[in-house]
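One structure is given here, and the rest of the page talks about it.
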Amino acid sequence: MKLLLLIFLVQAVLLTIYLPASQGTVQPMDARLIEQTCKQTPLYNLCVSILKSDSRSSKADVTGLALIMVDVLKAKATGTRNYITRLLRGNLKRDVRHGLSSCADVYNAVLEADVPVAIEALQKGNPKFAEQAANDAAIEASSCERSFSGHSPLTKSNKSMQDVSSVAAAIVRLLL
């Protein structure tokens with residue numbers, strides 16, 4: 001009986017030592033993968049910040065990190081499209097309204113084509129198409145910015161979209 005109790009106590013101590021303190025934090029090995037991956041992107045700090053803030057990265061491989069970045073891309077595109085919709089409800093000059101309408105089409109294309117293609121390509125192990133979709137999203141954001149003859153109310157959103165797209169494409173490129 002004492003032997004059984006001793007075995008139980010040893011197992012309890014070992015489990016306490018070897019179980020992660022928190023399921024939501026990035027463990028050291030995972031942090032190294034994130035850092036190694038992000039060093040190969042054009043925006044290291046942005047990459048690390050995004051991936052370390054997402055609890056899924058603690059168990060992700062490079063494909064998983066790419067999928068997380070595509071999810072961020074989707075969230076940014078959705079936020080920008082919603083912002084455009086709110087702006088279009090206002091009283092705007094004709095050229096601003098035209099630019100915003102053009103940008104709405106652009107961001108719809110990102111959400112309806114680029115993001116789904118990237119996700120499906122990553123899930124099916126075809127990173128070439130995922131990289132192209134991420135690059136297309138950056139091109140679409142640039143196109144949106146150019147659709148304004150004067151000051152763009154979307155400069156910050158478009159820049160953010162381009163940055164996340166370039167990081168996503170760089171991560172996907174590692175899978176080629």
Side-chain angles (χ1 to χ4, degrees), residues 34 37-38 40-176:
I34 290 170
T37 301
C38 290
Q40 298 177 68
T41 70
L43 298 164
Y44 173 81
N45 290 333
L46 176 67
C47 178
V48 168
S49 172
I50 288 171
L51 294 177
K52 283 190 174 181
S53 69
D54 192 305
S55 63
R56 295 175 295 169
S57 66
S58 67
K59 295 187 185 335
D61 57 6
V62 176
T63 300
L65 297 178
L67 283 165
I68 290 168
M69 200 59 67
V70 171
D71 282 349
V72 171
L73 188 69
K74 179 180 180 180
K76 288 198 174 293
T78 300
T80 302
R81 184 183 62 184
N82 292 343
Y83 181 59
I84 292 167
T85 301
R86 285 193 307 272
L87 289 175
L88 284 169
R89 290 184 188 134
N91 188 13
L92 303 166
K93 293 181 182 178
R94 184 174 178 214
D95 59 330
V96 173
R97 182 171 297 284
H98 175 72
L100 288 171
S101 294
S102 175
C103 288
D105 293 341
V106 161
Y107 279 96
N108 281 333
V110 168
L111 291 166
E112 293 172 11
D114 297 328
V115 169
V117 165
I119 292 169
E120 183 178 357
L122 286 166
Q123 289 172 340
K124 291 185 175 181
N126 196 344
K128 182 173 95 173
F129 291 110
E131 180 188 18
Q132 184 59 51
N135 285 328
D136 285 349
I139 292 166
E140 297 285 10
S142 294
S143 171
C144 168
E145 191 64 23
R146 288 190 310 272
S147 67
F148 294 93
S149 58
H151 172 73
S152 165
L154 301 175
T155 298
K156 186 176 178 181
S157 297
N158 288 329
K159 173 73 170 119
S160 180
M161 189 70 173
Q162 291 167 330
D163 290 348
V164 171
S165 296
S166 69
V167 170
I171 293 173
V172 172
R173 198 172 307 116
L174 299 174
L175 299 168
L176 294 174

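- Side-chain N or O atoms of Thr78 include one that pairs as donor or acceptor with a backbone N or O of Lys74 at under 3.5 Å.
- Here the CG-OG distance, from Leu154 to Ser147, works out to 7.5 Å after rounding to the nearest 0.5 Å.
- Note that the CD1 atom of Ile34 and the CD1 atom of Ile68 stand 7.5 Å from one another [nearest 0.5 Å].
- Atoms CG and CG, from Leu87 and Asn82 in turn, are 11.0 Å apart once rounded to the nearest 0.5 Å.
- With values rounded to the nearest 0.5 angstrom, Cys38 atom SG is found 8.5 Å from Ile50 atom CD1.
- A salt bridge links Asp54 with Arg56: at least one charged nitrogen is closer than 4.0 Å to a carboxylate oxygen.
- A distance of 9.0 Å separates NZ of Lys52 from OG of Ser57, quoted to the nearest 0.5 Å.
- With hydrogens and angles ignored, the 3.5 Å screen pairs no side-chain donor or acceptor of Ser143 with any backbone N or O of Ile139.
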Cut-off 3.5 Å, no hydrogens considered: what does the side-chain donor-acceptor table look like for residues 105-116, sequence neighbours left out?
from   : atom 1 : to     : atom 2 : distance (Å)
Tyr107 : OH     : Asn158 : OD1    : 2.5
Asn108 : OD1    : Arg81  : NH1    : 3.2
Asn108 : ND2    : Ala104 : O      : 3.2

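- Between the side chain of Ser58 and the backbone N or O of Ser55, at least one donor-acceptor pair lies under 3.5 Å.
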Below 3.5 Å, can you tabulate the donor-acceptor pairs from side chains in residues 162-175 to any protein atom, sequence neighbours excluded?
from   : atom 1 : to     : atom 2 : distance (Å)
Gln162 : NE2    : Ser142 : OG     : 2.4
Asp163 : OD1    : Lys159 : NZ     : 2.8
Asp163 : OD2    : Lys159 : NZ     : 3.4
Ser165 : OG     : Met161 : O      : 2.8
Ser166 : OG     : Gln162 : O      : 3.4
Ser166 : OG     : Asp163 : O      : 2.8
Arg173 : NE     : Glu131 : OE2    : 2.5
Arg173 : NH2    : Glu131 : OE2    : 3.3

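- Using a 4.5 Å heavy-atom cutoff, the side chains of Leu65 and Met69 are not in contact.
- Side chain of Ser160 to backbone of Lys156: no donor-acceptor contact under 3.5 angstrom is found.
- Scanning all heavy atoms of the two residues, the minimum distance from Cys103 to Phe148 falls at SG-CE1, 3.6 Å.
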